[in-house]
Structures are given as structure tokens and as C-alpha cells.
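Just so you know, these numbers use all the heavy atoms, side chains as well, and skip hydrogens, waters and symmetry mates. First listed ligand is number 1; within each ligand, the first listed atom is number 1.
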Amino acid sequence: MNVLVVNCGSSSLKFQLINSETEAVAAKGLCERIGLDGRLVYQPTGGEKEVTEAAMPTHTEAIKMVLDALVNPKTGVLKSLDEVEAIGHRVLHGGAKISDSCIINDEVISVIEECCDLGPLHNPANLMGIRACMELMPGKPNVAVFDTAFHQTMPEKAYMYAIPYKYYDKYKVRKYGFHGTSHRFVSKETIKFLGLDPENSKVIVAHLGNGSSISAVVNGKCVDTSMGLTPLEGLVMGTRSGDLDPAVLEYICNKENISVSEMVRILNKESGLLGLSQGLSSDFRDLSEAMENGNPDAKRAIDCLCYRIIKYIGSYVAAMNGVDAIAFTGGIGENAALVRKTVVDNLSYLGITLDEEANKARGEDKVISTPDSKVTVAVIPTNEELAICQETAELVKNQK
Ligand code: AMP
């Protein structure tokens with residue numbers, strides 16, 4: 001089944017056309033600067049990248065340009081749009097009402113609308129993408145794959161914040177977790193790749209990229225995850241602080257005479273690796289190069305990043321009362337041997353030893369612990385677009 005996978009941001013739209021059976025990507029690209037001047041980057045597999053500058057006032061024009069590019073007689077990969085059998089949308093927040101991917105109908109649209117409060121930057125953009133596809137490809141099934149859905153199996157003790165209960169009652173303030181599509185895909189792949197028992201397994205997934213989160217998965221179900229009400233909680237990320245004492249907000253706001261909103265923006269956009277390195281970079285590659293050249297700011301940022309991962313893994317081993325496998329994924333998890341080594345060397349108390357040679361792995365499923373390790377550690381590349389494609393195809397087939 002040919003599935004168009006769509007991931008809308010407030011002014012951007014990423015897409016891939018994937019065949020769910022062969023897993024082949026026919027074309028991919030992105031629209032940028034939607035609402036401003038507009039730019040489409042389109043790349044058919046095996047072909048040249050094409051850049052088209054054209055006005056796209058809304059997501060509807062952006063999707064229209066993508067569809068035109070896909071059926072373009074010269075560089076397109078489809079004869080007609082009839083060959084697109086379904087559209088899979090990445091949607092950020094499904095709140096507490098949605099625990100799985102679903103075929104989009106009026107009810108699902110109202111839940112996404114209700115959750116705009118919880119995902120103010122993403123949910124409205126996701127809705128625009130959904131409405132545009134419905135308008136331009138009437139009658140095609142659209143599926144929503146939620147970033148929060150996989151984490152809905154967390155027990156109350158893991159998702160509640162210890163604040164007055166009325167805030168949960170009134171506003172649904174709780175931990176939701178994000179990157180769920182990746183955590184689901186990687187935990188499943190880890191169980192399959194390592195031959196674990198799906199009904200009797202404890203896995204920790206460390207999704208480490210520009211945004212990072214970690215999850216504890218028992219028998220294929222998420223029992224805890226590091227991101228919270230928003231993606232700000234948890235690990236040290238590219239520009240997000242992750243965990244901190246909430247009193248820091250008031251303290252800095254008073255000292256600097258800034259608003260809470262401004263402080264939350266700083267915690268989201270100017271903190272993490274970027275903040276710790278005194279503005280050097282939010283990108284791990286830049287920092288690891290600078291650290292090799294003796295830069296103390298880069299070293300501080302990387303030390304803090306690794307230390308937080310080590311602490312979270314330890315706490316999830318405790319939460320699950322054991323662990324069978326730990327999987328690294330995301331741009332840093334899949335590529336940064338240094339981070340994996342620093343983390344795994346600190347897990348010797350679990351009887352884990354790193355296979356230094358295997359740890360050079362990049363871009364493939366690979367065990368990086370030694371055969372005598374009590375817990376298996378692996379690199380498992382994530383593929384969120386493929387996961388969205390597969391979940392979309394499965395739902396649409398089951399509906400037929
Ligand atoms: P993501 O958000 O998953 O795309 O990951 C982005 C992060 O992965 C950035 O911090 C990159 O510096 C890091 N990254 C990507 N490729 C590499 C690489 N080859 N080695 C080290 N870090 C990398």
C-alpha cells in the first residue's frame with residue numbers, strides 16, 4: 001500500500017511516500033516557510049533534489065504542491081493520485097483520550113482540537129495538514145499517529161505529578177510523554193532483534209536526538225517515560241533543560257525581571273546543550289569536536305547529557321525491578337559512540353560490559369554489549385516515518 005506520511009509543523013511540512021509492503025521510500029521532501037514566502041524541496045528516490053520557491057499561504061497550498069510534484073510527468077513517482085491509498089499524519093498530542101493510532105473521523109478531529117491547549121505549536125498545524133489532505137484527496141483514509149499514544153499505558157503512579165489533585169481533575173495536568181512512535185517502533189524492534197519474549201520482557205529505550213526521551217517498556221507496554229506534560233521534562237536536550245527544580249523559574253524571573261512565559265521559552269530554546277556550553281552549539285557533533293579540542297564548555301555540556309541518561313536508566317531499572325535490554329536510538333543514540341560508551345561504562349553494576357569494536361556501529365541494528373553481559377545493549381535505528389506508514393496501512397487494511 002502506498003502511504004503518504006505527513007508531518008506538519010507550524011510553518012513546515014515534511015513528507016514521505018512509502019510502500020508499506022516493500023518499505024521502499026518513493027519520494028520525500030519538505031515544504032518550508034509556509035505562510036511566508038514558501039519553498040518546496042522534493043526528492044524522488046534515486047533522482048535529483050528539486051527546490052521550488054512558490055507562495056504557500058497555508059498548509060493546503062503546501063500539500064497541493066507536494067501532490068503536484070508526486071504526479072509531475074517528468075520527476076514524479078506516481079501516474080495519478082489514485083495510487084496514494086492512505087495518508088498517515090504525525091499528531092503531537094492525543095491527551096488521555098487516545099491510546100492508539102486511529103482512522104480520522106469527526107470524533108478524532110475534536111479530540112485533536114481539544115488537545116490544542118496541551119500542544120499549542122503542533123496540534124493546530126497537524127489539524128491544518130489533516131484538513132488539507134481531506135480537501136485535496138476526498139474519500140482517502142487519513143490516519144492519525146499520536147506522539148503521546150504509546151505512553152498511555154503508564155500507571156497512575158508514574159504519570160501523576162504530586163501537586164493538588166484538582167489540577168489533574170480540572171486541567172488534566174499529568175505526564176503524557178512524547179516520541180511515542182519511536183519508542184513503540186524501537187521497543188518492538190529490540191524485542192524482535194534480540195529474540196526476547198514479547199510477553200515477558202523489560203526494555204529501556206533511549207531516544208537521544210535534538211529532542212531526547214527515555215522510556216521503560218514492560219512486555220511491550222510503556223510503564224514510564226521521561227518527557228511530561230510537554231516535551232520539556234527529562235533529559236538534557238539540544239536546547240531544552242529537562243528536569244529542574246521548579247523554584248528556579250520564580251528565582252530567575254525575579255532576578256532578571258522576566259515573565260514566566262519568557263522563562264519557559266528560555267528553558268525550551270536556550271538551555272540544554274546550548275545553554276550549558278555557553279551558546280557554543282545545541283548540536284552534539286559540534287560539541288564533541290570542540291571537546292576533543294579541549295573546550296571546557298563543550299565538555300560540561302556532554303558530561304551533563306551523559307550523567308542525566310545514566311541516572312534515568314538507573315531509575316527505570318529500579319522502576320521495572322530489572323532490565324533485559326537497553327536500546328539506543330535517535331541521531332545521538334545511533335551515532336555517538338562516545339555517549340554510549342560513557343553511559344554503558346557506568347552500568348557495570350548491572351553486569352554489563354561494552355564490546356568496544358561493536359560500539360563503532362552506525363545505522364544498523366547491532367548488539368554492542370559483550371556476549372557475557374547480563375543485560376544486552378543494542379543500537380536500534382528508529383524510523384518514525386516507516387512506523388507511521390505501517391500503522392496507517394494496518395488500520396486501513398483492517399477497516400476494509
Ligand atoms: P535527531 O534529532 O534524531 O535528528 O538527532 C540530532 C542530533 O544527533 C544532533 O545533536 C546531532 O549532532 C546528532 N548526530 C547526528 N549525526 C551524528 C553523528 N554522526 N555523530 C554524532 N552525533 C550525531
Exercise: do [X] and [Y] side chains pair donor with acceptor under 3.5 Å:
X	Y	result
Y161	E233	yes
S277	D297	no
E107	S110	no

Within 45 degrees of the axis of the six-membered ring of Y176 and under 6.0 Å from its centre: does R174 put its NZ or CZ there?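 Geometry flag: set, cation within 6.0 Å and 45°.
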Can you name the residues that come within less than 4.0 Å of ligand 1, going by heavy atoms only?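 Residues within 4.0 Å of ligand 1: G209, N210, D283, F284, R285, G330, G331, I332, N335, R362.
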Any carboxylate oxygen within less than 4.0 angstrom of a Lys/Arg side-chain nitrogen, looking at K397 and E21?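 Counted as a salt bridge, because a side-chain N and a carboxylate O are separated by less than 4.0 Å.
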By side-chain contact (heavy atoms from CB on, under 4.5 Å) - contacts of E394 (at least two apart):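 side-chain contact (heavy atoms from CB on, under 4.5 Å) list for E394, sorted by chain: N398.
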